[in-house]
Amino acid sequence: MTRGGGGRKPSTSVGRGPEFTVMTYNVGNGLARPDRLASALRSSGAGVIGLQELDQSQSRALEGSLSEEYPYQILLPAGFEGMGLLSRYPATSAEVISLPPTADLICTLDLEGRKVTIIVAHPPPPISFSGMGFGGRTEARIRRVIEAATSAPPSVILGDLNAASWQKTCCQLRGAGLLDAFAAAGRGRGSTLPVRLGRWRRLEAVNRILMGLPLLPLVRVDYIWHTSDIQPVGAWLGEDAGSDHLPGLARVALRIRG
């Protein structure tokens with residue numbers, strides 16, 4: 001029998017639990033042709049896919065052709081404001097947080113008996129191509145995403161954040177203790193934008209001439225962030241399905257404390 005309070009506390013070990021692959025993809029408000037998009041998502045190997053800028057034609061194609069691979073679907077097509085989640089794992093809850101001009105989707109998945117929070121995020125850029133400023137709303141959206149992620153870990157954020165890794169949006173996420181999967185487990189710069197011109201109303205004349213021509217991606221704006229109780233195993237870019245963005249993927253594992 002040990003007397004007093006000087007005994008050593010039992011050590012706590014951290015092991016690797018269930019692994020799963022996640023994917024984020026801004027599908028370009030119809031730029032990624034529905035049939036090509038469905039094929040690319042099917043071959044991605046991802047168990048959970050977050051989509052931004054989902055339009056009606058893309059949504060119908062995914063619902064019709066991927067129901068077997070992804071039986072749990074939350075599809076909210078609305079063009080630029082559209083979003084969606086495809087999952088191989090049961091979705092036990094879903095909530096849409098609308099802060100115009102876009103919205104975020106917060107879901108809870110049952111991953112082999114463990115609850116995992118998945119957030120599909122698409123905050124507006126601080127300043128849009130139209131010159132409209134969203135600075136205050138962008139910061140409010142990121143604060144809401146951080147709150148959702150940190151209040152219900154383990155959590156994964158799948159999003160087009162409209163920001164480079166050194167800009168304020170990503171600094172806010174890092175400051176909250178969230179981790180960038182590609183920075184930890186990817187190779188190279190991981191640039192996702194622009195693959196081609198997007199559907200910018202202010203550039204319609206240019207779009208008609210250059211739409212579809214390949215471009216060299218220069219910046220990474222599409223991310224997979226996660227809480228510290230998730231371990232990234234690998235991260236990479238996915239197949240170009242016709243959007244102005246490339247998809248990002250990561251293989252992650254739940255940490256288990258013994």
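If you read the sequence from its start, that first residue is 1, and numbering goes on from there.
Residues L54 and V27 approach most closely at CA-CG2, 3.8 Å, considering heavy atoms. Among all heavy-atom pairs drawn from L105 and C107, the shortest one is CG-SG, 3.6 Å. Between L218 and P194, the closest heavy-atom pair is N-CD, 3.9 Å. For the pair P124 and T138, the tightest heavy-atom approach, listed with the atom from each and the gap, is O-OG1, 2.7 Å. Shown here for N162 and D160, the closest heavy-atom pair between the two residues is N-OD1, 3.0 Å. Smallest separation of non-hydrogen atoms from I256 and P18: CD1-CD, 4.2 Å.
Taking 4.5 Å as the limit, every side-chain heavy atom of L215 sits out of range of all side-chain heavy atoms of V195. With contacts defined as side-chain heavy-atom distances shorter than 4.5 Å, the pair D180/C170 does not qualify. Two residues are said to be in side-chain contact when any heavy atoms from C-beta on lie closer than 4.5 Å; D229 and L254 fail this criterion. Side-chain contact between L178 and T227 is present, with at least one heavy-atom pair separated by less than 4.5 Å. For the pair Q52/V120, a side-chain contact is recorded, criterion being any heavy-atom separation below 4.5 Å from C-beta on. Here the side chains of H245 and V221 are in contact, with some heavy-atom distance below 4.5 Å. Residues L41 and L86 are in side-chain contact: their nearest non-hydrogen atoms beyond the backbone lie under 4.5 Å apart. Using a 4.5 Å cut-off on side-chain heavy atoms (C-beta onward), K168 and E139 make contact.
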>> Could you go through V22 and L249, starting from their C-alpha distance and side-chain angles, then the distance that decides it, and tell me whether this counts as side-chain contact (heavy atoms from CB on, under 4.5 Å)?
In response: CA-CA 6 Å; V22 293; L249 295 98; over 6 Å; no
>> Go through it in stages, so that I can follow the logic: the residues are V233 and R16, the test is side-chain contact (heavy atoms from CB on, under 4.5 Å), and I'd like the CA-CA distance, side-chain angles, deciding distance and then a yes or no.
In response: CA-CA 10 Å; V233 179; R16 183 184 294 180; 4.1 Å; yes
> T192 and L237: side-chain contact (heavy atoms from CB on, under 4.5 Å), yes or no, with the steps?
Replying inline: CA-CA 8 Å; T192 59; L237 298 181; 3.7 Å; yes
>> Pair R143, I146 - check side-chain contact (heavy atoms from CB on, under 4.5 Å), show working.
In response: CA-CA 5 Å; R143 287 195 298 269; I146 289 172; 5.7 Å; no
> Do D104 and R141 pass the salt bridge (Lys or Arg N to Asp or Glu O under 4.0 Å) test, and can you show the C-alpha distance, the side-chain angles, and the key distance before you say yes or no?
Replying inline: CA-CA 8 Å; D104 300 321; R141 290 283 294 282; 2.7 Å; yes
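With rounding to the nearest 0.5 Å, the separation of CH2 in W225 from CG in L179 is 8.0 Å. Atom CD1 of I157 and atom CD1 of I119 lie 5.0 Å apart (nearest 0.5 Å). Atom CZ of F20 sits about 5.5 Å away from atom CD1 of I118, to the nearest 0.5 Å. Within the model, atoms CD of Q58 and CZ of R36 stand 12.0 Å from one another, a figure rounded to the nearest 0.5 Å. Considering CG of L31 and CG of L37, their distance stands at 11.0 Å, rounded to 0.5 Å. Separating the CZ atom in F182 from the CZ atom in R189 is a distance of 10.5 Å, to the nearest 0.5 Å.
The backbone N or O of E147 lies less than 3.5 Å from a partner atom in the side chain of S151, making a donor-acceptor pair. A donor-acceptor pair under 3.5 Å links the side-chain atoms of T117 to the main chain of A152, judged by distance alone. No donor-acceptor pair under 3.5 Å is formed between the side chain of R137 and the backbone N or O of P123. A distance-only check finds a donor-acceptor pair linking the side chain of S155 to the backbone of A149 [under 3.5 Å]. Side chain of S65 to main chain of A61: a donor-acceptor pair is present (N/O by atom type, distance under 3.5 Å, no hydrogens or angles). When atom types are taken as modelled, the side chain of S243 and the backbone of N26 share a donor-acceptor pair closer than 3.5 angstrom. No donor-acceptor pair under 3.5 Å is formed between the side chain of S59 and the backbone N or O of L75.
R88 forms a cation-pi arrangement with Y70, by the criterion of a distance under 6.0 Å to the ring centre and an angle within 45° of the ring axis.
In E63, the CD atom is not crowded: 12 or fewer heavy atoms of neighbouring residues, nucleotides or ligands sit closer than 6.0 Å.
Two different hydrophobic clusters hold L193 and Y25 under the rule that ILVMFWY side chains link at heavy-atom gaps under 4.5 Å. Residues L111 and V156 are members of one and the same hydrophobic cluster, defined by side-chain heavy-atom contacts under 4.5 angstrom among Ile, Leu, Val, Met, Phe, Trp and Tyr. Linking ILVMFWY residues whenever their side-chain heavy atoms come closer than 4.5 Å, directly or via other members, places I230 and L109 in the same cluster. Y72 and L85 are not part of a single hydrophobic cluster, where members link through side-chain heavy atoms under 4.5 Å apart. Residues M23 and Y223 fall into different hydrophobic clusters, defined by Ile, Leu, Val, Met, Phe, Trp and Tyr side chains chained together at heavy-atom separations under 4.5 Å.
At a threshold of 4.0 Å, the pair E19-R251 counts as salt-bridged, since one of the basic side-chain nitrogens sits closer than that to a carboxylate oxygen.
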